[in-house]
K.L.:
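Structure provided below as structure tokens; questions to follow.
Letters go in sequence order (proteins before strands), and every chain restarts at 1. Computed from a predicted structure; not experimentally measured.
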Amino acid sequence: MKRPKSARWARGVREVGDRLVAWFEREALDLPWRRTRDPYRIWVAEVLLQQTRVEQARPYYGRFLAAFPTIEELAQARREEVLKVWEGAGYYARAHRLHEAAQFLIHRRQGKLPSEVEEMEQLPGFGPYTSRAVAAIAFGVPVVALDANALRVLARLFLIDPSGGKTAPRAEALGRQALGGHPPRAFNEALMELGQRYCTARSPRCGACPLARRCAARQELPDPGAFPPRRPRPVRPRVEAAVGLLEREGRWLVGQRPPGGLLGGLWEFPGGKLKPGESAEAAIIREFREEAGLRTSVVEHLGDVEHDYSHFHATLHVFRLAGTKGTGHPLGVERTLRWVTARELPALPLPTATCKMLVWVSPRTSRGSGSRRGRSSASGRAAPARPRARAHARTLRP
DNA sequence: GATTCGTGGTG
DNA sequence: TCACCAAGAAT
């Protein structure tokens with residue numbers, strides 16, 4: 001049972017929009033994707049920024065557009081080239097979909113993005129947020145793009161009742177009222193930037209917020225930062241896996257991960273998860289037999305790499321292997337395997353965890369290799385032949 | 001609605 | 001230190 005809001009309430013909503021846009025016009029950050037009106041560039045920025053902080057996305061933006069300045073050049077690129085530029089950014093399905101959508105637009109839409117939300121939502125990688133963000137920012141369509149920031153800011157400003165799961169539609173309706181006749185680009189970017197800089201998830205800086213006096217949560221709640229209530233996140237399970245580095249005639253065996261899943265399309269050293277009760281050594285011998293049809297033996301335990309993925313934490317036990325027989329082709333497994341030189345390796349798109357292992361594959365130099373073969377003790381007292389990976393070791397990303 | 005998709009910064 | 005979280009989408 002809801003009664004019509006009063007005219008006074010509606011005026012308050014519009015004033016929030018006025019103050020928000022006024023603040024943004026005074027203090028907006030100078031971000032690279034705000035220096036263009038090219039829909040393609042705005043699209044690329046929005047995809048890069050999905051679940052990604054501004055400072056992490058920033059270098060990729062320039063790099064990506066230098067490599068693929070237009071939709072057509074992106075569409076004509078090979079998928080692996082796109083993934084290589086995306087390397088390290090995470091959520092690699094974004095790169096696949098960006099590339100796929102570019103090819104669709106070239107072939108079916110004369111290389112032009114549609115300006116309507118409903119049409120954009122049909123494109124790969126365009127969800128509710130990205131479609132509205134590109135529509136508003138690139139085409140001036142008066143819609144509200146609800147990312148996590150905008151949703152949180154609107155929920156707090158208007159103290160939207162979190163029960164019943166109607167927060168998003170209510171936030172969108174209120175946002176649309178607050179938008180009024182303001183430029184959709186400024187309004188939407190303002191909403192997100194306020195959430196990024198002041199109305200943060202955990203400890204909002206209400207004391208410095210330009211909308212504090214208009215904020216219902218600030219006025220009525222003892223702890224606005226606790227609103228809206230957050231769902232507890234599932235705990236990340238711990239996974240143990242073994243990885244094998246096998247060199248033959250100056251080339252290393254690498255496999256390409258299937259598209260669509262974790263790290264889709266990226267290349268890595270073969271390996272796999274330990275089975276219950278299985279040792280890492282046994283696991284890596286088994287994996288090479290199953291995945292590559294190779295009989296191998298462990299030469300050396302090079303070290304362990306700790307790495308966090310989106311929804312689990314992994315310990316990767318890395319071994320140098322020696323191969324005896326076999327050509328290294330998969331046994332019925334649809335898994336692309338290749339032998340590549342150490343020089344070719346950095347040209348492939350590699351996961352961050354694999355980059356951490358490149359210290360063990362550095363090209364042979366006359367002074368470096370082969371001098372020491374002693375086991376490196378766990379205590380680290382005996383100098384290891386090569387650097388041991390440690391948690392948070394510097395990643396070599398060429 | 002709940003899961004699966006990376007990575008790096010931070011309080 | 002370490003759990004939390006960031007300009008979400010797809011299934």
Side-chain angles (χ1 to χ4, degrees), chain A residues 28-29 31-34 42-61 83 86-98 100-101 120-138 144-153 164-168 185 187-197 199-205 225-226 230-239 257-266 268 306-314 349-356 391-392 394-395 397:
Chain A
L29 298 177
L31 302 175
W33 42 87
R34 291 182 178 168
I42 291 165
W43 168 28
V44 169
E46 288 305 330
V47 175
L48 271 171
L49 286 162
Q50 288 170 7
Q51 296 289 285
T52 305
R53 294 174 191 279
V54 164
E55 290 313 315
Q56 188 182 346
R58 190 198 288 265
Y60 284 92
Y61 177 76
L83 286 172
W86 207 267
E87 181 188 275
Y91 286 140
Y92 298 93
R94 295 183 295 174
H96 288 271
R97 293 168 186 148
L98 198 48
E100 189 183 349
M120 269 190 265
E121 283 187 315
Q122 306 303 314
L123 299 170
F126 281 76
Y129 166 77
T130 303
S131 299
R132 285 164 180 76
V134 174
I137 296 171
V144 180
L146 287 183
D147 74 325
N149 284 316
L151 189 61
R152 183 178 63 250
V153 168
K166 299 280 190 181
T167 303
R185 174 176 192 158
F187 179 84
N188 279 281
E189 291 184 335
L191 213 46
M192 293 188 279
E193 186 166 323
L194 191 81
Q196 176 208 335
R197 294 173 59 186
C199 197
T200 59
R202 280 192 283 185
S203 48
R205 302 166 50 207
R230 298 180 279 276
R231 280 194 317 104
R233 298 195 167 195
V235 291
R236 287 191 192 192
R238 176 168 290 276
V239 168
R257 298 184 59 88
L262 181 72
L263 308 170
L266 275 58
E268 64 183 6
E306 299 288 328
H307 192 73
D308 291 310
Y309 296 90
S310 49
H311 56 295
F312 63 93
H313 174 83
L350 306 174
T352 294
T354 301
C355 290
K356 292 178 180 176
H392 312 304
R394 179 190 301 271
T395 301
R397 201 182 283 291

K.L.:
Closer than 4.0 Å, any side-chain N/O of A:Tyr92 to the OP1 or OP2 of B:dT7?
P.N.:
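So the side-chain polar atoms of A:Tyr92 do come within 4.0 Å of the phosphate oxygens OP1 or OP2 of B:dT7, strictly under.
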
K.L.:
A:Lys356 NZ to B:dG8 P: how many Å, rounded?
P.N.:
8 Å

K.L.:
Identify whether any heavy atom of A:Ala145 sits under 4.0 Å from a base atom; if not, whether one sits that close to sugar-phosphate; answer base, sugar-phosphate or nothing.
P.N.:
nothing

K.L.:
If you measure from the P atom in B:dG6 to the same atom in C:dT1, how many Å do you get, rounded?
P.N.:
26 Å

K.L.:
Do any N or O atoms from the side chain of A:Arg205 and from the backbone of A:Arg197 form a donor-acceptor pair under 3.5 angstrom?
P.N.:
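Flag set: sc A:Arg205 to bb A:Arg197 pair under 3.5 Å.
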
K.L.:
How many Å lie between CG on A:Leu48 and C1' on B:dT7, as a whole number?
P.N.:
13 Å

K.L.:
Nearest whole angstrom, please: distance from the C1' of B:dG8 to the OH of A:Tyr60.
P.N.:
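Roughly 10 Å, once rounded to whole Å.
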
K.L.:
How many whole angstroms separate atom CG of A:Leu98 from atom P of B:dC5?
P.N.:
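In whole Å, B:dC5 P lies 20 Å from A:Leu98 CG.
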
K.L.:
OP1, OP2 of B:dT4 versus side-chain N and O of A:Ser310: anything below 4.0 Å?
P.N.:
no

K.L.:
From CZ of A:Phe312 over to P of B:dC5, roughly how many Å is that when rounded to an integer?
P.N.:
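Answer to the nearest Å: 8 Å.
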
K.L.:
Give me the distance, rounded to whole Å, that separates C:dC4 from B:dT3 when you measure between the P atoms they each carry.
P.N.:
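Rounded to whole Å, the distance is 15 Å.
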
K.L.:
Quick one: do A:His307 and A:Tyr309 satisfy ring pair (Phe, Tyr, Trp, His ring centres under 6.0 Å)? Show the steps, please.
P.N.:
CA-CA 7 Å; A:His307 192 73; A:Tyr309 296 90; 4.8 Å; yes

K.L.:
So, A:Asn188 versus A:Arg185: side-chain donor-acceptor pair below 3.5 Å or not?
P.N.:
no

K.L.:
Give the B/S/- string for nucleotides 4-11 of chain C, one per nucleotide from 5' to 3', where a protein heavy atom under 4.0 Å of the base yields B, of only the sugar-phosphate yields S, and otherwise -.
P.N.:
BBBBBSS-

K.L.:
Tell me whether A:Glu87 contacts the main-chain N or O of A:Leu350 through its side chain, where contact means a donor paired with an acceptor under 3.5 Å.
P.N.:
yes

K.L.:
Is the distance between the ring centroids of A:Tyr91 and A:Trp86 less than 6.0 Å?
P.N.:
no

K.L.:
Considering only atom P, compute the distance from C:dA7 to B:dT10 and round it to an integer number of Å.
P.N.:
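These two P atoms come out 13 Å apart once rounded.
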
K.L.:
Kindly determine whether A:Arg34 and A:Leu29 satisfy side chain to side chain contact (heavy atoms under 4.5 Å, CB included), including the steps that lead there.
P.N.:
CA-CA 9 Å; A:Arg34 291 182 178 168; A:Leu29 298 177; 4.1 Å; yes

K.L.:
Check whether any side-chain nitrogen or oxygen of A:His311 sits under 4.0 Å from OP1 or OP2 of B:dC5, and answer yes or no.
P.N.:
yes

K.L.:
Report the C-alpha distance between A:Phe126 and A:Val134 in whole Å, list the side-chain angles of each, state the deciding distance to 0.1 Å, and finish with yes or no for side chain to side chain contact (heavy atoms under 4.5 Å, CB included).
P.N.:
CA-CA 9 Å; A:Phe126 281 76; A:Val134 174; 4.3 Å; yes

K.L.:
For a quick check of understanding: with a heavy-atom distance under 4.0 Å over all strands, which category does A:Leu263 fall into, base, sugar-phosphate or nothing?
P.N.:
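It contacts sugar-phosphate atoms only.
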
